[in-house]
Amino acid sequence: MKESRKVPWYYLFMLILAGESVFILPFVLQRVFRPTVLKVFNLDNVQLGLCFSVYGFVALVSYLFGGPLADRFPPRKLIAMALWLTALGGLLFATFPDYSTLQLLYGFWGFTTIFLFWSPMIKATRVWGGHRSQGKAFGLLDGGRGLVGALFGTMGVMVFSFFMVNELDQASLEESRSAFRYVILTSSGIVTVVGALVWMFMKLPPQVEKKIIVERITVSQVKEVLALPSVLLLMVIILCAYVGYKITDVFSLYAQDVMLYNEVASAQVGTFLLFARPFVGILIGVLADRSRPVLWLFIGFVIAFFGALVFALGIVVNVSWLLFLLSILVVAIGVYSVRALYFSVMQSGKIPLLYTGTAVGLISLVGYTPDIFAGPAMGYLLDTSPGLKGHRHVFWMLAVFYFVGGMAAYRYFRLYGKKL
């Protein structure tokens with residue numbers, strides 16, 4: 001697509017910045033500060049998982065209807081609105097609402113981050129990548145998002161540590177809440193600013209925007225998209241891949257429960273994962289464009305499968321800090337490689353650019369159902385079998401899903417793996 005060459009680099013930069021900022025409040029803070037979140041909101045793992053389920057149920061509907069919306073309106077306007085509304089929810093989050101209100105808040109975030117945001121982001125990235133740079137576009141997007149998330153995580157740990165007046169082991173509930181409130185409010189403020197930057201600067205050339213917007217989406221067009229084998233396979237691939245991404249949430253808890261680290265050290269483990277993501281995403285994107293994205297997609301599933309087995313078999317216990325981080329890194333390389341590439345293979349799968357939003361909505365309707373079941377499933381496994389046993393069960397779950405996802409990726413490779 002020659003027009004995509006007219007889309008400037010800073011357009012992708014704004015996508016990267018927005019692409020992670022919108023998920024900081026619902027997900028990144030919980031990934032980095034999971035033990036702290038459980039404490040200050042007075043939750044157990046199952047309750048937090050059910051909050052994610054509410055998010056997932058709202059997101060499920062939002063994927064279906066938000067996809068066609070992305071084919072009808074410019075990405076810039078939808079993305080900016082999503083950022084502002086998500087930041088508004090952060091103000092309620094900072095009051096530490098009761099459990100019922102927290103569930104409603106997660107439902108609200110399911111609407112703001114998916115209906116208004118998800119499909120526009122994927123479509124805009126595909127436009128930037130053009131015909132020959134899909135791997136690079138999505139690799140840079142996910143890697144860049146990982147870097148933004150890592151910086152947010154680092155900032156959050158610094159803010160939390162700065163405002164924690166007493167030693168962590170001696171801190172009261174109110175002291176922990178006070179420190180974490182500053183983390184939430186700082187994050188909300190930054191998300192608001194990013195929304196303003198997107199509105200002002202993330203503009204497509206008129207000739208490009210004209211070619212990616214349709215007057216309306218018909219039922220026959222939806223059926224045409226659903227009939228593509230690549231769409232059905234991507235549903236399975238993303239479903240399995242996303243289970244793995246959700247399971248990275250428990251690494252900070254693993255550090256506390258099994259490795260016996262304190263709150264800050266556990267949060268630093270989560271931040272280490274966030275820093276691994278940009279390196280993996282960028283590297284795998286470059287490698288994919290020089291070879292075949294779908295081949296590296298399959299390789300990512302294989303790496304994560306064997307990394308999950310290491311934890312599932314209970315090998316990572318009473319090991320050194322370095323060996324623990326290396327074990328996490330193996331899983332992260334596989335999980336983040338798959339995450340960076342699964343939308344990059346839409347081009348080779350012959351999914352029309354004009355209907356990218358509709359295709360993404362339909363694929364995501366199935367692919368992101370782990371938002372509904374993964375959180376409660378992990379919470380149940382962790383709470384019914386405390387300590388190492390529960391964590392081993394979680395990683396067996398990861399291994400099973402990545403085996404199935406690997407088989408689907410191999411099938412996709414057989415159908416569409418020829419280099420363009």
Side-chain angles (χ1 to χ4, degrees), residues 1-20 22 63 66-79 82 114 116-145 198 202-205 207-214 217 221-222 224-225 228 230-231 233-235 237-238 241 281-282 284-286 288-289 292-294 296-297 338-365 367-368 412 416 420:
M1 177 180 168
K2 293 181 180 180
E3 292 85 351
S4 66
R5 297 174 188 171
K6 298 179 182 179
V7 182
W9 272 91
Y10 67 79
Y11 183 87
L12 181 64
F13 174 77
M14 294 307 305
L15 272 176
I16 290 169
L17 190 59
E20 193 67 11
V22 78
Y63 284 125
L69 191 74
D71 290 333
R72 180 67 184 83
F73 296 100
R76 172 179 65 94
K77 296 180 180 180
L78 296 174
I79 290 173
I114 302 302
L116 296 173
F117 184 87
W118 185 247
S119 291
M121 181 188 70
I122 300 301
K123 185 167 186 175
T125 306
R126 192 175 174 192
V127 169
W128 187 91
H131 183 68
R132 298 184 179 275
S133 300
Q134 291 295 299
K136 181 170 69 174
F138 283 96
L140 288 172
L141 175 70
D142 199 67
R145 287 177 60 197
V198 166
M202 209 188 88
K203 298 179 180 180
L204 285 170
Q207 67 271 30
V208 176
E209 188 169 286
K210 184 178 179 181
K211 289 183 178 294
I212 66 168
I213 301 298
V214 297
I217 298 292
Q221 290 166 346
V222 173
E224 179 185 341
V225 171
L228 295 170
S230 54
V231 169
L233 283 170
L234 278 173
M235 289 178 177
I237 288 169
I238 294 177
I282 294 169
I284 202 69
V286 172
D289 274 342
R292 286 165 288 183
V294 68
W296 288 98
L297 180 69
V338 170
R339 180 175 170 82
L341 292 178
Y342 49 51
F343 278 119
S344 74
V345 301
M346 294 178 74
Q347 182 82 20
S348 61
K350 300 181 169 89
I351 297 172
L353 175 62
L354 189 62
Y355 303 136
T356 297
T358 301
V360 169
L362 293 171
I363 291 167
S364 300
L365 182 65
Y368 290 100
Y412 203 101
Y416 306 107
L420 297 176

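Every value quoted in this text rests on a predicted model; they were computed, and no experiment measured them. Count residues from 1 along the sequence.
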Write down the atom of [X], the atom of [Y], and the distance for their closest heavy-atom approach.
| X | Y | value |
| --- | --- | --- |
| Phe117 | Ala82 | CB-CB, 3.7 Å |
| Ser119 | Gly66 | CB-O, 4.1 Å |
| Ala288 | Leu341 | CB-CD2, 3.7 Å |
| Ile79 | Ala18 | CG2-CB, 3.8 Å |
| Ala340 | Phe138 | O-CB, 3.3 Å |

> Ser344: what forms a side-chain hydrogen bond (donor to acceptor under 3.5 Å, both in side chains) with it, not counting sequence neighbours?
Replying inline: none
> Under the side-chain contact (heavy atoms from CB on, under 4.5 Å) criterion, do Leu234 and Tyr412 qualify, and how do the steps go?
Replying inline: CA-CA 8 Å; Leu234 278 173; Tyr412 203 101; 3.8 Å; yes
Rounded to the nearest 0.5 Å, what's the gap from [atom1] on [X] to [atom2] on [Y]? Could you check?
| X | Y | atom1 | atom2 | answer |
| --- | --- | --- | --- | --- |
| Ile363 | Met346 | CD1 | CE | 4.5 Å |
| Tyr416 | Leu228 | OH | CG | 6.5 Å |
| Leu15 | Met202 | CG | CE | 4.5 Å |
| Leu12 | Leu17 | CG | CG | 11.0 Å |
| Leu297 | Ile284 | CG | CD1 | 9.5 Å |
| Arg339 | Ile238 | CZ | CD1 | 10.0 Å |

>> Glu20 vs Ile16, test: side-chain contact (heavy atoms from CB on, under 4.5 Å). Steps then yes/no.
In response: CA-CA 7 Å; Glu20 193 67 11; Ile16 290 169; over 6 Å; no
Any side-chain heavy-atom pair of [X] and [Y] under 4.5 Å:
| X | Y | value |
| --- | --- | --- |
| Lys123 | Asp71 | yes |
| Arg126 | Ile351 | yes |
| Leu140 | Trp9 | yes |
| Pro120 | Phe73 | no |

>> Keeping Asp142 on the side-chain end and Gly281 on the backbone end, is there a donor-acceptor pair under 3.5 Å?
In response: no
>> So, using side-chain contact (heavy atoms from CB on, under 4.5 Å) as the criterion, who are the partners of Ala137 when residues are at least two apart?
In response: Thr125, Trp128
> Can you list the residues that meet the ring pair (Phe, Tyr, Trp, His ring centres under 6.0 Å) rule with Tyr368, with sequence neighbours excluded?
Replying inline: Tyr63, Trp118, Tyr242
